[in-house]
Structures are given as structure tokens and as C-alpha cells.
Amino acid sequence: MNRFAHFVKKESLHILRDVRTILVVIGIPIVLTLLFGFAISTDVNNINVAACAPHRTAAVRDAVSRVSHTPLFTFKGYVAPDEIDKVLRTGTAEAVMAFADDYDRLVAGTAEVAGCGVQLVLDGSNPNVAASASVYLMQTLSGVAAASPVDTHILYNPQMKSAYNFVPGILGLIFILVCAMMTSISIVREKELGSMEVLLVSPVKPLWIIAAKMIPYFALSCINLLSVLLIARYALGVPMTGSVGGILLISGIYIALSLGFGLLVSTVTDKQMVALLISGMVLMLPIMMFSGMLFPTENLPLVLRPITYIVPARWYIDAMRKLMIEGLAFGDVLLELGILAAMTIGIIRVALMKFNDRLE
């Protein structure tokens with residue numbers, strides 16, 4: 001056991017003395033989290049809104065005031081009915097609120113016939129802006145009129161911040177890339193330098209040598225996990241209302257799975273550049289396309305949906321969204337936990353078998 005501890009110490013010192021490796025392993029997750037949290041955002045702000053009202057009554061002015069005092073909107077003034085198409089085509093406004101003639105009576109609930117007090121006319125050339133404007137306006141105006149047909153309540157992410165969606169996805173991407181990349185490169189580098197043969201003839205078993213190489217990267221990944229969670233909570237305002245212990249446990253399993261990927265990659269190549277390309281490029285595309293990181297997996301064609309079931313990041317991201325955003329209990333992610341645990345055992349088992357085959 002002392003020999004194994006010495007190997008772990010050797011690998012840890014080797015990493016700590018390599019400043020570039022530390023910068024890559026620690027810096028990339030922080031940069032990606034801040035980049036996706038602030039710079040790359042699908043949040044829609046400063047939506048230009050105009051109003052069309054036959055009579056600018058007190059109720060109409062109150063509704064317009066609600067919208068204009070919301071930070072998401074910029075009020076562009078009143079327009080005539082025949083000017084609605086023009087302001088939308090020219091981009092002066094992305095949305096127009098057309099108030100009914102009897103809006104006052106609808107608000108008061110005294111209209112003889114119940115109806116829709118406000119009609120929203122939207123510019124659909126940008127679907128993201130149109131969808132967001134529709135939801136935001138309905139949420140702002142809901143409950144004003146007694147006869148309003150829509151009463152909207154958005155749960156878990158009422159402001160629809162994109163960071164709530166991106167942070168779990170970034171975690172799923174970071175660990176696969178960083179852990180798999182650094183582990184595979186570390187082992188392949190030993191092969192290129194010829195030092196792997198020296199290690200294998202030492203009294204320590206090959207299994208313990210591999211474990212000694214993976215433990216320091218597991219520790220660094222745990223530091224990455226804590227740093228990203230702290231940034232998400234206190235810099236991006238992402239809630240963590242679920243089980244913190246569940247978040248740490250399922251993340252630990254996912255990190256082990258990612259390290260197993262790196263070991264598996266190292267068994268199929270003898271060049272660091274090839275290992276880098278496989279760990280980076282080959283793994284990145286399936287994670288981004290088939291994990292639900294960027295868009296729901298339900299939007300994929302039926303023929304492609306089965307692929308999502310074999311992408312580990314899909315189960316990890318689903319579990320993290322349930323725990324962090326929806327605030328569910330740990331028992332609600334047991335399915336995802338079980339699938340990730342089975343994948344981890346399977347990948348590490350296959351990687352070790354292939355590694356032993358290469359030795360023979």
C-alpha cells in the first residue's frame with residue numbers, strides 16, 4: 001500500500017509541477033462556465049414593444065405602464081391600427097399590444113360578452129424573440145383583466161434565464177472533456193516516452209499504476225466541481241434547492257466515468273495528438289447534440305433518439321437539472337444514478353480488459 005501511495009504522490013507532484021496542465025484543468029471549466037453563463041446567452045432582453053389603443057383610458061395606461069416599467073421591455077409609443085405592419089417590418093418594435101375597444105369593461109368585469117382584452121401581434125422572423133416576447137407579455141399582463149383568458153405561471157425558472165439551462169449542461173461537457181482528455185494524454189505520454197514499460201516492471205501491479213494516475217485527476221475534477229458550483233450559485237444566481245449530497249454523489253460517479261473514458265482512449269492509441277483528438281472532438285459532438293445540453297432530446301427525429309440513451313451526459317444533465325433547478329429529492333434521480341453507475345462500471349471494466357490485452 002505504501003508503494004501505491006508513493007505512485008499517487010509521484011503523479012500528483014508531476015501534475016503540480018506542470019503549470020500548463022493546472023491552468024488547463026482548472027481554468028477551462030471556470031472560463032466555460034462564465035462564457036456560457038454571461039456571454040453566450042439565449043436570454044432575450046430589451047424587447048421593443050408598441051401599443052395600439054383606440055382609447056387611451058386609465059386601464060390602458062395602467063397596462064402600458066406595467067410593460068414599460070419591466071426591464072425586459074422598451075416601450076416605443078402608441079401606433080395607429082394601420083401602422084402595426086409597418087413598425088414590425090421596419091424593426092421599430094418586435095411586438096405590438098392591440099387593446100380592444102371595451103378593454104376598460106373587460107378589466108372591470110362588466111363587459112356583456114367576455115373576450116380577449118389584448119391581442120399580441122409579434123414579429124416571427126426571429127422565433128426566439130417572438131416566443132420570449134409572447135411569454136413575457138402574457139406574464140406581465142395576466143390577471144389585469146377580470147375576463148383575461150390566460151393566467152400564466154412559470155415554475156422553477158420564472159425569468160427564463162439561460163444560465164439555468166446551460167450550467168448543468170456545461171458540467172456534463174466539462175468533465176467528459178477535461179477528465180478523458182487529461183487521463184488519456186497522461187497515459188499515452190508515458191508510452192511515447194518509454195517510461196510506461198519501466199512502471200510496468202515495478203513491483204506495483206498495473207491496476208494500481210493506472211489507479212495512481214487517475215486519483216490526482218479525480219481530485220482536480222472535484223475541485224473543478226466545487227468551483228463551478230460556487231460560480232453558478234453566487235455569480236450566475238443558479239439555484240441549488242435540491243439535495244446537495246445527491247449533486248456531489250452523482251457528480252463523483254460521472255467524474256469516475258469520464259476518467260474511465262480517458263483510460264479507454266489510451267488503450268487504442270499510442271500518440272498524444274490522436275488521444276487529444278479522440279477525447280476532444282469525438283466526444284464533444286455527441287455530448288452537444290444528443291445530451292439535451294443545447295436543445296431537448298425530444299426534438300430529435302425518432303430514428304436518432306435511441307442514440308441519446310447511450311450518451312452518459314444525457315443522464316447526468318437530466319439528474320443535475322432535477323436536483324439544481326427543480327429542487328427534487330435525491331430519490332427522484334435514482335434511475336439516472338443507476339444508469340450512470342452501470343455505465344461507469346462497464347466502461348472501466350472494458351478499459352482495464354483492453355489495457356491488460358495490450359500488455360500481453
Side-chain angles (χ1 to χ4, degrees), residues 26 28-44 132 135 139 153-179 218-259 284 286-299 308-309 311-341 343-344:
I26 301 295
I28 286 181
I30 295 176
V31 171
L32 285 177
T33 303
L34 294 174
L35 184 64
F36 276 85
F38 289 110
I40 304 176
S41 174
T42 58
D43 295 343
V44 178
S132 299
V135 173
Q139 187 177 13
H153 297 277
I154 300 177
L155 303 178
Y156 313 126
N157 186 7
Q159 296 178 329
M160 295 195 297
K161 292 183 178 180
S162 60
Y164 286 35
N165 178 57
F166 279 139
V167 169
I170 283 298
L171 287 170
L173 178 65
I174 286 173
F175 292 133
I176 281 287
L177 292 183
V178 173
C179 296
F218 184 86
L220 284 175
S221 299
C222 291
I223 296 174
N224 282 336
L225 173 64
L226 294 177
S227 64
V228 171
L229 291 178
L230 288 174
I231 291 173
R233 180 67 186 92
Y234 296 105
L236 303 178
V238 178
M240 295 183 191
T241 54
S243 170
V244 177
I247 292 174
L248 297 178
L249 175 60
I250 202 165
S251 296
I253 293 175
Y254 187 68
I255 290 171
L257 183 147
S258 303
L259 294 172
M284 181 183 294
I287 292 173
M288 298 185 71
M289 295 293 104
F290 299 106
S291 68
M293 172 185 173
L294 298 179
F295 49 81
T297 55
E298 292 80 5
N299 289 358
T308 65
Y309 296 110
V311 177
R314 177 253 172 95
W315 303 104
Y316 176 70
I317 293 172
D318 284 350
M320 292 297 284
R321 283 175 178 159
K322 290 179 180 179
L323 293 173
M324 293 177 64
I325 311 303
E326 298 179 21
L328 299 181
F330 179 67
D332 295 309
V333 296
L334 291 180
L335 173 63
E336 290 83 356
L337 180 68
I339 292 174
L340 285 176
M343 287 183 172
T344 302

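Note that the coordinates shown come from a computational prediction; the quantities given were computed from them, not determined experimentally.
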Report the C-alpha separation of Ile325 and Val167 in whole Å, then their side-chain angles, then the decisive distance to 0.1 Å, and conclude whether the side chain to side chain contact (heavy atoms under 4.5 Å, CB included) test is met.
CA-CA 10 Å; Ile325 311 303; Val167 169; over 6 Å; no
Locate the shortest heavy-atom distance separating [X] from [Y]; write the atom from each residue and the value.
X      : Y      : value
Ala319 : Ile250 : CB-CD1, 3.3 Å
Ile30  : Ser227 : CG1-OG, 4.2 Å
Glu336 : Trp315 : CG-O, 3.5 Å
Ser291 : Val311 : CB-CG1, 4.3 Å
Ser243 : Leu323 : N-CD2, 4.2 Å
Cys179 : Ser258 : CB-CB, 3.5 Å

Mind checking the [atom1]-[atom2] spacing from [X] to [Y]? Nearest 0.5 Å is all I need.
X      : Y      : atom1 : atom2 : value
Tyr316 : Ile176 : OH    : CD1   : 10.5 Å
Leu229 : Leu236 : CG    : CG    : 11.0 Å
Leu230 : Leu225 : CG    : CG    : 9.0 Å
Arg321 : Met293 : CZ    : CE    : 9.0 Å
Asp332 : Leu337 : CG    : CG    : 12.5 Å
Tyr309 : Arg314 : OH    : CZ    : 5.5 Å

Test Ile223 against Ile26 for side chain to side chain contact (heavy atoms under 4.5 Å, CB included), laying out the working first.
CA-CA 8 Å; Ile223 296 174; Ile26 301 295; 4.2 Å; yes
Exactly one of Val228, Ile255, Leu259 should register a side-chain contact (heavy atoms from CB on, under 4.5 Å) with Phe175. Which one does?
Ile255
Are the side chain of Tyr254 and the backbone N or O of Leu340 linked by a donor-acceptor pair below 3.5 Å?
no
